[in-house]
Amino acid sequence: MSAARPGSARTAVARPDWWRREGVRLWGGIALAVVLLVGVAPAVLSDFRLNLLAKFLCLAMVAVGIGLAWGRGGMLVLGQGVFFGLGGYLMAMHMKLSDAGPGGVPDFMLLYGDGVVPGWWEPLRSPVVTVLAILLLPAGLAAVLGLAVFRRRVRGAYFAILSQALAAAFAILLVGQQKVTGGTNGLNGFRSFFGYDLADPVNKRMLYYIAAGVLVVMVVVVRLLMRSRYGELLVAVRDQENRVRFLGYDPAVVKVVAYAVAAAFAAVGGALFAPVAGIISPADVGVVPSIALLVGVAIGGRATLLGPVLGSIAVSWAETSLSEQFPSFWTYFQGALFIGVVAFLPNGLASLGGALRRRRARGSAVPEVGPASDVRPAAGSAGGVPADPPAGAPDVTTDTVDTAGRHA
Amino acid sequence: MSDTTPAVEAGRLDTEALEQVLAAPAARFRHDYLEVRGLRVEFDGFVAVDGVDLTVTQGDLRFLIGPNGAGKTTVVDALTGLVAAAGSAQFGGVDLLGRPSHRIARSGVGRTFQTASVFDELTVLQNLDIAAGARRGPLTLLRRRRSVPPEVEAALETVGLAHVRDLPAGVLAHGQKQWLEIGMLLVQDARLLLLDEPVAGMSQAEREETGLLLQRIGEQRTVVVVEHDMEFLRAFASSVTVLHQGKVLAEGTVAQVQADPRVVEVYLGTGAHGRGSRTAATSTEVE
């Protein structure tokens with residue numbers, strides 16, 4: 001990158017530097033992510049840490065969806081735990097059934113219930129039905145729910161409260177139906193994942209690779225959506241819903257699409273979380289985990305492409321490592337971080353680069369306004385030539401801007 | 001975005017490009033007219049609009065005036081489905097009342113708001129492209145915009161914003177935002193244009209240009225303008241409806257309305273006295 005700088009700096013006026021071009025940044029970023037996730041992480045992390053990372057990646061999938069629905073669509077989705085839980089429980093039910101063998105009864109049903117598998121569990125014996133259900137059921141639920149809510153023009157805090165109440169209700173329902181959902185304990189003790197033995201570390205690694213691949217695909221999908229005409233429309237609905245309505249669009253439909261996509265992402269995250277973590281329980285789907293998912297997105301930067309992913313992974317990682325060092329200290333740290341980011345960087349850490357760049361640009365703009373003699377000493381001392389050609393002055397400013405951009 | 005970007009240099013409205021926009025065959029608009037009968041809007045017992053009758057034909061440039069609280073904006077809100085209303089309202093043979101706003105918009109009714117409401121974070125081009133796209137299918141929506149649709153290009157020229165097409169609409173000057181709104185109505189292919197104070201905050205030269213633009217659009221389409229600016233009204237209105245306390249007080253040409261003693265009494269009082277000297281009437285708001 002630094003080798004290309006002298007040449008590209010000269011052409012910077014005509015066209016952006018090659019690494020700043022859109023396609024290069026997108027595919028370069030994806031390649032970098034793949035190298036880090038698939039190449040570096042498995043090589044340097046122990047099996048235990050890698051499994052933790054896989055868990056974080058599953059949570060990051062939810063974050064990608066929240067970034068789309070909240071950051072781009074303005075829907076404060078405080079109840080993504082519902083869809084995460086739906087996906088997780090669907091997968092867990094399948095795994096319990098297949099552990100029990102054909103026609104068998106999952107262990108907890110023998111323990112708490114009458115030993116009869118309820119009818120609505122039966123279809124999940126088939127892996128195909130399970131995968132389809134994970135992909136379609138939560139998204140369909142989100143579509144129905146979203147249409148009902150958005151058509152009535154429920155927005156902002158009211159929508160947030162509604163979605164959160166839903167998460168609370170879902171958790172309570174799961175706890176109450178112990179005979180068929182495992183109650184507070186949730187579903188756990190899975191032995192196999194689509195026929196692969198989960199006790200085998202190789203298969204644990206495979207789960208990690210699947211999670212990494214799915215996450216990268218999701219980020220690419222969101223990126224394509226953001227850049228499409230639909231993405232522009234979604235931002236328009238977020239900022240001026242009524243105006244969009246008077247242009248002949250139904251904003252409810254526009255929002256529902258993003259909401260359903262976010263729900264599907266959350267469900268897939270949950271479905272992979274269950275085998276990775278070895279458990280899915282009401283504690284993973286209620287109000288608190290739903291808010292925790294959102295905090296990562298807010299800290300990372302909700303309206304950006306990578307902010308939600310990186311924010312979510314960073315918060316999960318910080319939670320684990322800080323809890324290891326100082327048990328029960330994490331909650332305070334999380335609260336402080338959240339307040340700090342919201343107060344000083346309302347658009348999340350992803351906006352830090354832009355804020356710094358604007359600051360630098362403002363700082364370097366001052367000498368430019370003054371007479372040219374003000375610029376020369378600075379440029380001269382940098383280049384070591386007192387009689388610097390005037391062309392050197394703009395170079396200084398572009399340099400600082402570029403550096404700020406690269407650190408971003 | 002919050003940067004105080006210096007106001008973008010003012011563009012000029014392009015009348016040649018407008019002709020391109022208005023090139024559609026006149027037959028399309030022949031049967032267009034707005035017919036409102038007994039329109040009534042009530043908010044919790046307060047009657048904001050009380051039995052308004054209004055007929056605006058294609059080719060008219062109708063101004064809707066009245067003191068604050070006369071119900072002008074409420075009439076526009078009722079016609080576009082923003083507030084529930086009783087009575088009947090038809091445009092081009094289609095009932096407007098009781099339908100959701102986006103369906104009303106799709107049957108050719110477009111409106112603007114008192115405060116320019118463009119999509120600040122999107123570029124000028126994106127704003128117009130969205131306005132042009134209500135009939136796009138899902139597959140088109142899920143793809144990127146490969147090229148600028150011709151009607152969007154023509155509208156960019158018409159409202160003089162072609163040179164700032166890639167700037168976010170939020171940095172435009174106030175008058176340019178209003179023009180962008182008019183441009184959005186054009187690409188939206190609205191056949192009935194309901195404009196709520198389109199020249200508010202514009203300079204004298206910009207008002208002049210906007211007035212001429214609206215006159216030209218009005219020759220082809222049905223245009224209703226809610227306005228406070230009396231001088232703008234005198235210069236460009238082809239007919240005027242005066243509202244007062246939710247009722248139609250008078251209707252006719254500018255001269256007829258100004259001569260009406262009831263209108264003079266409730267509304268034009270000061271304006272009518274100042275008729276001789278135009279500068280006196282420039283006050284935008286008659287309380």
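Lettering follows sequence order; numbering is per chain, from 1.
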For chain A, find which of [options] contributes the most heavy-atom pairs closer than 4.5 angstrom.
{"options": "Val187(B), Val118(B), Asn127(B)", "result": "Val118(B)"}
{"options": "Arg144(B), Arg135(B), Arg103(B)", "result": "Arg144(B)"}
{"options": "Pro100(B), Ala132(B), Ala105(B)", "result": "Ala105(B)"}

Could you walk me through whether Leu122(B) and Asp239(A) pass the side chain to side chain contact (heavy atoms under 4.5 Å, CB included) check? CA-CA 10 Å; Leu122(B) 300 177; Asp239(A) 293 343; 6.0 Å; no
In Å, rounded to the nearest 0.5 Å, how long is the span from [atom1] of [X] to [atom2] of [Y]?
{"X": "Met184(B)", "Y": "Leu247(A)", "atom1": "CE", "atom2": "CG", "result": "4.5 Å"}
{"X": "Glu232(A)", "Y": "Thr123(B)", "atom1": "CD", "atom2": "OG1", "result": "7.0 Å"}
{"X": "Phe113(B)", "Y": "Gln240(A)", "atom1": "CZ", "atom2": "CD", "result": "8.0 Å"}

Please confirm whether the backbone N or O of Ser117(B) pairs with a side-chain atom of Arg243(A), one donor and one acceptor, at under 3.5 Å?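 Pair found, side chain donor or acceptor close to backbone of Ser117(B).
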So, do Phe246(A) and Thr112(B) sit near enough that their side-chain heavy atoms are less than 4.5 Å apart?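 A side-chain contact is absent here, since even the closest heavy-atom pair is not under 4.5 Å.
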With a 4.5 Å cut-off on side-chain heavy atoms, are Arg136(B) and Arg229(A) touching?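 Result yes, sub-4.5 Å side-chain heavy-atom pair found.
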Using only non-hydrogen atoms and a strict under-4.5 angstrom cutoff, which residues of residues 249-269 of chain A touch chain B?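 When heavy atoms of chain B are the reference, residues 249-269 of chain A contributes Tyr249(A), Asp250(A) within the under-4.5 Å range.
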Are there residues of residues 213-227 of chain A that reach to under 4.5 Å of chain B by heavy atoms, and which ones?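 Interface residues of residues 213-227 of chain A: Leu225(A), Arg227(A).
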Could you look at Ser107(B) and say if it's the side chain, the backbone, both or neither that has a heavy atom under 4.5 Å from chain A?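 Neither part.
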What part of Arg143(B) lies closer than 4.5 angstrom to a heavy atom of chain A: side chain, backbone, both or neither?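 Just the backbone, heavy atoms under 4.5 Å.
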